[in-house]
Amino acid sequence: MEGKRLSLGVLGVLGLLLLAAAAGGAEPPPSCEGVRKVFQLRQLGPLRGIPESPRAGADLQVCTSKNPTCCTKKMEERYQTAAKQDIQQVLQTSSAPLKFLISRNAAAFQETFEMLIRLAENYTSTLFCNAYRNMAAEATTRVQEFFTDVGLFIFGTDVNTEEFVNRFFDTLFPVVYNHVINPGLTDISLEYAECLRMKRRDIRPFGNIPKKAIGQMGRSLLPSRTFLQALNLGIEVINTTDHLHFSKDCSRALLRMQYCPHCQGLTLSRPCMGYCLNIIRGCLANVAEVDLHWRVYIQSLEELSSAMSGTYDIEHVLLNFHLLVNDAVVQAHINGPELSEQVSKVCGPPVRKPIQSPSCSFDQNKDNQILKMFSRDSEETLTNRRKEFISHLRLYRAFYGGLADQLCGNELAAADGLPCWNGEDVVRSYTHRVVGSGIKAQSANPEVKVKGTDPVISQIIDKLKHVIQLLQGKSFPNYDKWDLRQTGSGGGSIDEQISGDCDDEDGCGGSGSGEVKTVLKITDFWPFFVNDIKARGFVTFHRRLCRILVTTLEVAEIIFLSGIADY
């Protein structure tokens, strides 16, 4: 292949002189030495059998001529193979920057998602080791299982977000019950833990937090999964169009355009622009049908990318998941006495075993070096990476619509104004009609007959249509069925049950019975205040603590006045 480029480039000036001299009509060469040299240089096959001088070409099927020829039937077959290989190489060279852009970013986004998942898992496991150390060993196993499911979903496995989020909280409940709601000197039995796991959705120890997590995960993970799937399909589209199966008529036309001039000794000739366009548009007629869908594909990718930022950005959701988990554990502790009563009704009194669970076994330093590589600087966020990728991809919106023009203009055809090959002779200009792109336009093509659609291209178009529907959200589940404000019934959070106030930053759940059935001391909350500082930071914790203190004073005043009245 390099030899082909070399012969066309190094001998370019000589070729122009030859074409100019031949503009009045191609004459048979005095010998076939020039043809032999080019045949050898391009490594098209063995030299034996190549004529020393022009001969009659009665056995030729495509490169027919009234004049003597330097080609044999065997050479014509070699040229036919070379013509198809040449066009394949030109196609691949043309699409290489686009393919590299998509494949590089697909790999980069996948790597970033993997890092996000590991970092979010690290945050959540660290929460348990720092704030709930007694149950950390058991909880960390549940955390690992949960984030394994997250990864499986994002990278294409057929798992359901609602199911694995519910499964996480189902398996977390026995651990929280054993260590927070009703702690004992020994652990609950496996049978009792299984009862708790199965009844978690009825008992609802974590209020609306699991539902909130389902909504957040669904709205963030599914678009990210679809984004990755779309990039991989983009690569598949390019691979498909890079390796076309050319029809017999197209193959003959390519041979006539590229190598039949050699038979007449015109080894340096190039096809006329109009002639080249007719042949390449005919050969790529099915590929041109991809154009409309490719444009919509890129537009839909851009729209999805814009919609993925904000509250439901995967980076935001995953890296704040540990805060939801912390809220769930705190809420279960606050409602502990009520939950213990509910549990006793459905599972009976706690049944314990003589083995106590180990403390934290999570190695917080395990992934530190890798996680430090993950920068959260504003210039490195996923949103900015997507914007940069889309801005580059947008330049290729018309790639398939203008592919034939690009190939002829950049690689194959002679420059305007120069003598060129028209399929029969070297002329000053191509005189036949030049048809447009696409299958319908080929009915008037004077050089190539196009018969029907290519099933391989039709299949890739169907895949594009499907992924476009996904990108546009037409195949997404209706996540609006979850009220993401988390109001309504359920076992409320600290802020709602004690302060009666809540905001989005706190991530509150809904209220449970609507009243606090037990009198709680401020000291009862101290371990959880410490945990809240670790999980959220001091500023948020300070605001929450002030609310609780104010409300506690109000409750104390009510109790005091009630006592006086009774007295």
Side-chain angles (χ1 to χ4, degrees), residues 107-155 157 159 161 164-165 167-172 175-176 179-180 206 209-210 212-214 216-217 220-221 224-225 228 311-330 357-378 380-383 385 505 507 527-528 530-541:
F109 282 118
Q110 177 164 329
E111 183 180 0
T112 302
F113 290 152
E114 290 172 351
M115 192 65 70
L116 269 175
I117 293 168
R118 291 184 65 182
L119 189 57
E121 180 182 333
N122 184 287
Y123 280 2
T124 312
S125 296
T126 300
L127 166 72
F128 283 104
C129 279
N130 288 344
Y132 309 105
R133 196 167 184 83
N134 287 339
M135 62 175 169
E138 294 176 84
T140 298
T141 301
R142 277 62 176 179
V143 170
Q144 290 171 346
E145 292 170 351
F146 171 76
F147 283 104
T148 296
D149 286 332
V150 170
L152 289 173
F153 179 82
I154 290 178
F155 301 127
T157 303
V159 293
T161 52
F164 69 70
V165 172
R167 185 162 57 248
F168 169 72
F169 286 104
D170 288 346
T171 58
L172 183 64
V175 181
V176 173
H179 295 280
V180 175
F206 307 124
I209 290 175
K212 183 175 182 179
I214 289 170
Q216 289 185 355
M217 288 293 166
S220 64
L221 300 187
S224 298
R225 168 191 172 116
L228 271 185
T311 305
Y312 296 109
D313 180 85
I314 186 173
E315 187 173 14
H316 175 81
V317 169
L318 288 183
L319 297 185
N320 286 283
F321 180 72
H322 68 289
L323 299 180
L324 279 181
V325 174
N326 185 66
D327 281 351
V329 176
V330 171
S357 59
S359 61
C360 177
S361 60
F362 171 68
D363 184 1
Q364 299 179 46
N365 298 317
K366 178 181 177 182
D367 292 331
N368 277 357
Q369 294 302 317
I370 297 177
L371 296 175
K372 284 178 182 177
M373 296 168 59
F374 184 84
S375 170
R376 297 195 63 195
D377 183 81
S378 60
E380 291 297 324
T381 62
L382 271 171
T383 299
R385 291 182 189 180
E505 187 177 348
F528 295 91
V530 175
N531 298 342
D532 228 18
I533 295 176
K534 294 176 180 177
R536 294 178 179 273
F538 183 76
V539 175
T540 304
F541 158 75

- Could you go step by step and tell me if R167 and D149 meet the side-chain contact (heavy atoms from CB on, under 4.5 Å) rule? CA-CA 10 Å; R167 185 162 57 248; D149 286 332; 2.9 Å; yes
- Query: Just checking, any donor-acceptor pair under 3.5 angstrom between side chains of N320 and Y123?
  - Reply: no
Determine the minimum heavy-atom distance between [X] and [Y], stating which atoms define it.
X: L172; Y: A139; result: CD1-CB, 4.3 Å
X: H179; Y: N134; result: CE1-O, 3.5 Å
X: L152; Y: V159; result: C-CG2, 4.3 Å
X: L382; Y: E315; result: N-OE1, 3.6 Å
X: Q110; Y: L228; result: N-CD2, 4.0 Å
X: G151; Y: I117; result: CA-CD1, 3.5 Å

- Message: Applying side-chain contact (heavy atoms from CB on, under 4.5 Å) to T141 and E145, what does each step give before you reach the verdict?
- Response: CA-CA 6 Å; T141 301; E145 292 170 351; 3.9 Å; yes
Determine yes or no for a side-chain-to-main-chain donor-acceptor pair under 3.5 angstrom, with [X] supplying the side chain and [Y] the backbone.
X: R118; Y: E114; result: no
X: S125; Y: N122; result: no
X: R225; Y: F153; result: yes

- Note on the structure: Here the gap from F128 atom CZ to E138 atom CD, rounded to the nearest 0.5 Å, amounts to 10.5 Å
With a 4.5 Å cut-off on side-chain heavy atoms, are [Y] and [X] touching?
X: E121; Y: V150; answer: no
X: D327; Y: F206; answer: no
X: I314; Y: I154; answer: yes

- Can you list the steps and then say if I209 with F169 is a side-chain contact (heavy atoms from CB on, under 4.5 Å)? CA-CA 9 Å; I209 290 175; F169 286 104; 4.3 Å; yes
- Item | Residue that, paired with L318, satisfies side chain to side chain contact (heavy atoms under 4.5 Å, CB included) out of T124, L116, L119 | L116
- Determine, stepwise, if the pair F321 / Q216 fulfils side-chain contact (heavy atoms from CB on, under 4.5 Å). CA-CA 9 Å; F321 180 72; Q216 289 185 355; over 6 Å; no
- Would you call the rings of F168 and F146 parallel, tilted or perpendicular if under 30° counts as parallel and over 60° as perpendicular? tilted
